[in-house]
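My structure is below; once you've seen it, I'll send some questions.
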Amino acid sequence: MNANTTQMNVMNIPLFDVPATSMPALMTVPEKNALKARIRDLLKRENAVMVAHYYTDPDIQSLAEESGGYIADSLEMARFGKEHEATTLVVCGVRFMGETAKILSPEKRVLMPTLEATCSLDLACPAESFSKFCDLHPERTVVVYANTSAAVKARADWVVTSSIAVKVAEHLAAQGKKILWAPDRYLGNYVEQVTGVDMLCWQGSCVVHEEFKTQALEMLKEKHPEAGVLVHPESPASIIALADVVGSTTQLINAAQQMPNPIFIVATDKGIFYKMSQAAPEKTFIEAPTMGEGATCRSCAHCPWMAMNGLDNLATTLESGNNEILVDPVIGQQAMVPLQRMLDFARQG
Ligand code: 13P
Ligand code: SF4
């Protein structure tokens, strides 16, 4: 067996089902307002604060805003949860975000509306096979994306989010380091292309971003020549090649606000439109197409796991105290090292 075959076998990416995207529970406006008021009371009662990702339902995001919580990308979610004085963090997003909050604040209680909300990148990178992959390449610096389990982070030298992946890779390249990267192959390839650093990539992917269709996007650009194209770097290279800006969710929102274009085509989860429209109310946002040749539309630009966060399960969680995120303390302490390294690096930059 040659070295490449060994690597692919060790990678052992499991098959997994992508759940159907759940729809928010149907409620009248007065019912919804009553439920939101109940959640606000429960947050006070539990000394809790909401930390929500931009991809969650607009009802979740607006409630986070109204109740003194926070809506952010995965790096800022981690920072906010660590620094806030609340004793309970209610993380509305996907499981790795809850785990990151718990690792950084082991003394706090971390709840999530559901423990079922995971991520295709996390699922594609089981800790055991990842560890074997690292063992095969001891000369490489192990850099993992935040979208991984606590156990995978515990095996890493660095954790990065999309907002600082390029900067960290440049920093390591300047020291002559070679990188072992996991799990998102598209983000890994993008970082390699931008920085020129030697990267050996795990072959995971995001089920949302890999669905954007190049030809259909080219046609949409032709139809709207005045449009700016904003792309999250979890997208395939052919989509990134059509971008005016490539960046994390926060970076894309900032670009929408700062760039002069009246229209933007946005290649990321459509949950981001809630904050993008707030940041640039006079502008028009169009979803990048997921239909076209080879389309499966398993997610249709909306993460099925993010969609599992609803007002109803949020209320139940706060009432019952169920759905608490627990991380093995030993794994947590090991994972804290590369996570803290990322936060320190981000603060300096
Ligand atoms: P951000 O760090 O840009 O928010 O990305 C997280 C994510 O899961 C994107 O799919
Ligand atoms: Fe994971 Fe993709 Fe969902 Fe982000 S959008 S949480 S990368 S599956």
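Atoms within a ligand are numbered from 1 in the order they appear, just like the ligands themselves. Residues take their numbers from the sequence shown, with the count starting at 1.
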| request: Consider ligand 1: state whether an atom of it lies below 4.0 angstrom from any non-hydrogen atom of Ser162. | output: yes

| Any idea which part of Leu121 is under 4.0 Å from ligand 2, heavy-atom wise: side chain, backbone, both or neither? | side chain

| message | So if I count the atoms of ligand 1 from 1 in the order they appear, which ones are less than 4.0 Å from some heavy atom of Ser248? | response | 3 (O)

| said: Would Asp73 count as a polar contact of ligand 1, with the cut-off being nitrogen or oxygen pairs under 3.5 Å? | reply: no

| request: Pick one of side chain, backbone, both or neither for how Asn147 approaches ligand 1, counting any non-hydrogen atom pair under 4.0 Å. | output: side chain

| request: From the options Thr268, Thr250, Asp73, select the one residue that forms a side chain to side chain donor-acceptor pair (under 3.5 Å) with Tyr54. | output: Thr250

| task | State plainly whether the residues Arg79 and Glu83 are in salt-bridge range, i.e. N to O under 4.0 Å. | result | no

| query | Among protein heavy atoms, which sits nearest to atom 1 (Fe) of ligand 2, and what does the distance come to when rounded to 0.1 Å? | reply | Cys119 SG, 2.4 Å

| Which protein heavy atom lies closest to atom 2 (Fe) of ligand 2, and at what distance to 0.1 Å? | Cys206 SG, 2.3 Å

| What part of Tyr54, side chain from CB on, backbone N/CA/C/O, both or neither, has a heavy atom under 4.0 Å from ligand 1? | neither

| task | Using a strict 4.0 Å cut-off to heavy atoms of Glu234, name the atoms of ligand 1 that fall inside it. | result | 7 (C), 8 (O), 9 (C), 10 (O)

| remark: When rounded to the nearest 0.5 Å, the distance separating CG of Leu242 from CG of Leu217 is 5.0 Å

| task | Indicate yes or no: does Arg155 engage Asp135 in a salt bridge with an N to O separation below 4.0 Å. | result | yes

| Heavy atoms only: which of His209, His232, Met77 is nearest to atom 3 (O) of ligand 1? | His232

| message | For ligand 1, which is the ligand I care about here, please tell me if Thr161 has any N or O atom under 3.5 Å from one of the ligand's N or O atoms. | response | no

| Does the distance from a Lys or Arg side-chain N to an Asp or Glu carboxylate O, for Glu46 and Arg109, drop under 4.0 Å? | yes

| said: Could you identify the single nearest non-hydrogen protein atom to atom 3 (Fe) of ligand 2 and state the distance to 0.1 Å? | reply: Cys303 SG, 2.4 Å

| said: So that I can tick it off, tell me whether Asp198 and Arg140 are bridged by a salt bridge, with the cut-off set at under 4.0 angstrom between side-chain N and carboxylate O. | reply: yes

| said: Please determine whether a side-chain nitrogen of the Lys or Arg among Asp344 and Arg347 lies less than 4.0 Å from a carboxylate oxygen of the Asp or Glu. | reply: yes

| message | Rounded at 0.5 Å granularity, tell me how far CG in Leu123 sits from CG in Asn147. | response | 11.0 Å

| Counting heavy atoms only, which part of Asn147 comes closer than 4.0 Å to ligand 2: side chain, backbone, both or neither? | side chain

| Lys32/Asp59 ion pair, N-O < 4.0 Å | yes

| message | Under 3.5 Å between any N/O of His53 and any N/O of ligand 1: does that happen in this structure? | response | yes

